[in-house]
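Starting from 1, each residue takes its place in the sequence as its number.
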Amino acid sequence: MVMPSPDCNRTDTRAPDQQTWADRLIAELLASGIAGFVLSPGSRNTPLTLALARGCPERVVIHQEERGAAFFALGATRAGDRPWGVVCTSGSAVANWMPAVVEASASRIPLILLSADRPESLHHQRANQTMEQAGLFEPHVRLSLNISPPESTEELDRIIRQVHTAYAAATGHHPGPVHLNLAFDEPLISGPLPGFTSLKTPSVRWHRGKPAVDANALSMALRFLQKSGNGLLMVGELRNAGTIRAARSLATRLGWPVYADITSGLRLESLEGLVIPYADLLWEYWAERLGRPDRVLWLGDSLVQRAFPEWLARVAGDCMLVTDHDAGQDPYGMVRERVVSDLEAFCDALAAACGHVDASRERFARELATLDRALDTCAEEMGSCLTRMEPLVARWTLEVASRFRVPVFLGNSMPIRWGGLYARHVGGNATIYASRGVSGIDGAVATASGVSEGMNRRPVVALLGDLTVFHDLPSLALAMERQLPIILVVQNNRGGRIFHHLPQARHCPDLLSPWFTADPVFKDFHSAAEMFGWDYECPGARDAFQNLLESVVTAPDPRPTLVELCLDAQGTLETHELLKKRCMASLAENAGKSGRNME
């Protein structure tokens, strides 16, 4: 009998060098399906940088500023529907990710955060560029791991299993960011680099089936619908084309009036006359017109505007909320039934089960035509000068974008609100993106740039306020470096004018400036565009703006272009009030002519 050598079954206990460990980590993430990485160069993350440079240089975006880097990854992940990784050095660099991490967590967008760190022996010793990074982003990440260099190949394999657990947590049924804090000791590079070994398949493969629609939940929802004699469908933010299609199908099958949020993917449509036109602008009119809905079916995420849903919460009967997550979502206190399911599958199943409901089609078509005429006529009468026309800029921008099927990123504060109030129901050809997780104004230029990257560098129109752009000026360099076809429309109303529409303007108007509406830091954005190499335009008339927008989005090789619109804050308020009054007067006039309430 031949006895085995004492060493033949022994596990290799030699510690892998740091570069081998970093290479393996990146190779495993690539094999798992990560779309790319955004790298902010530094010293402590040298092993990760070298792994990226040798393993996937074509899938790495380099940006010096960490906050913008994380928002870029967020936008790319959202548009491309595959997670991106973010890599940086140790110290305060990591903390710059926090705003994007918070937004990604609230919006359920997967990000893989790879931060380099000093070894444990240097912590709490006042070592340079060293701080407590472990758990920095809790409770905003799905999983946080503090990983030291493996001391054996067996430990390396164990760590890799942890990495795959983190990747699965980021991309699972409750997606969001995960944080891997990776300690690296000196020397960070100690000799010739080994060859990078790519992997065809990851060491651990996760197979996640699509959840089936629960039959009991479907039956309960069907009974909820069948009890209604005056129902209303409310659609919040929907994230992908399949869910939007399914919600559209359910809406047309139900035949209920539809309140469509600007982030729903349905706001620009009429849905055979079912969408309540300009519901946010004219909510008082619709409150009288619609009566007291006895059932409200709410699909999707949160809503941008408050007036219409707050009215519903006061007068409507029971509300059922259907989402693909189990996080709390009822700021109006109206939800009585809650279904958590795959939204696309549930909407399809509910549409098939409820059959065809006998409902009047084109029920709001006459009002829509009346309101469009009123808005267009009023705008024509005010002349071509853009100075006082801020409320309609989003309307005109979305018209052009829909015509040429160009995605639009709407910034927080006023741009997204103007879009919800005044966007024309022209059809759903423009995909609308927004950062509504925590609704901040930081990182918007980077996020819009990431959206373009995630959509294979397609042109993207970003409609942002001046303070929003000021918060993210360094990301102009990022878009320029990548030569991304971003058309950045800046509504320069001299900063912070949302407060003119809030109670502060009524109760303490003398304190609005500078305590709320911070005075502008600079006169215009021409110098910023010039500094970062962007094309710059500043049209003063409506036709000039629309023609410029059309020419840029249809250019064969569009460059990053900053379009600045100089707007008057007080004139904006007056225009908004005038447009609303003209709409109400036109509705009253047409109702009088018809002798009925335009049923």
Test your reading of the model: is there a side-chain donor-acceptor pair from [X] to the backbone of [Y], 3.5 Å cut-off?
X    : Y    : value
R78  : G454 : no
D330 : V335 : yes
Q305 : D261 : no
E66  : S40  : no
R457 : S452 : no
R158 : P150 : no
Q329 : G300 : yes
R436 : S302 : no
S152 : E155 : yes
R267 : G420 : yes

Just by distance, no angles: are the side chains of H325 and D301 close enough, under 3.5 Å, to form a donor-acceptor pair?
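There is such a pair between these side chains.
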
Quick one: do the E28 and S203 side chains pair a donor with an acceptor below 3.5 Å?
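On atom types as modelled, these side chains qualify, holding a pair under 3.5 Å.
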
D348/R245 under salt bridge (charged side-chain N to carboxylate O under 4.0 Å, His left out): CA gap, chis, key distance, verdict:
CA-CA 9 Å; D348 281 338; R245 176 206 55 76; 2.7 Å; yes

Please determine whether the number of non-hydrogen atoms from other residues, nucleotides or ligands lying under 6.0 Å from atom [atom1] of [X] exceeds 12.
X    : atom1 : answer
D157 : CG    : yes
R208 : CZ    : yes
M531 : CE    : no

Nearest 0.5 Å, what's the [atom1]-[atom2] distance between [X] and [Y]?
X    : Y    : atom1 : atom2 : value
H174 : S105 : NE2   : OG    : 6.5 Å
Q491 : S413 : CD    : OG    : 9.5 Å
S249 : E344 : OG    : CD    : 10.5 Å
N412 : I441 : CG    : CD1   : 8.5 Å
D117 : S90  : CG    : OG    : 6.0 Å
L111 : T171 : CG    : OG1   : 12.0 Å

Any heavy-atom pair between the side chains of D324 and F346 that's under 4.5 Å?
no

For a 4.5 angstrom cut-off between non-hydrogen side-chain atoms, does L29 reach F37?
yes

Less than 4.0 angstrom from a charged side-chain N to a carboxylate O is my criterion; do E269 and R248 meet it?
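Result for this pair is yes, salt bridge flagged.
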
Take R44 and E186 through the test salt bridge (charged side-chain N to carboxylate O under 4.0 Å, His left out) and record every step on the way to the result.
CA-CA 9 Å; R44 188 58 51 168; E186 293 182 345; 3.4 Å; yes

Restricting to salt bridge (Lys or Arg N to Asp or Glu O under 4.0 Å), what partner residues turn up for R338, sequence neighbours left out?
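So R338 forms no salt bridge (Lys or Arg N to Asp or Glu O under 4.0 Å) with any residue.
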
Which pair of heavy atoms, one from V408 and one from A401, lies closest together, and at what distance?
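For V408 versus A401, the nearest heavy atoms are CG2-CB, 3.3 Å.
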
Heavy-atom pair with the smallest gap, counting every atom of W21 and L182
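Minimum heavy-atom separation between W21 and L182: CZ2-CD2, 3.8 Å.
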
Ring pair (Phe, Tyr, Trp, His ring centres under 6.0 Å) partners for F137, two or more places apart:
H179

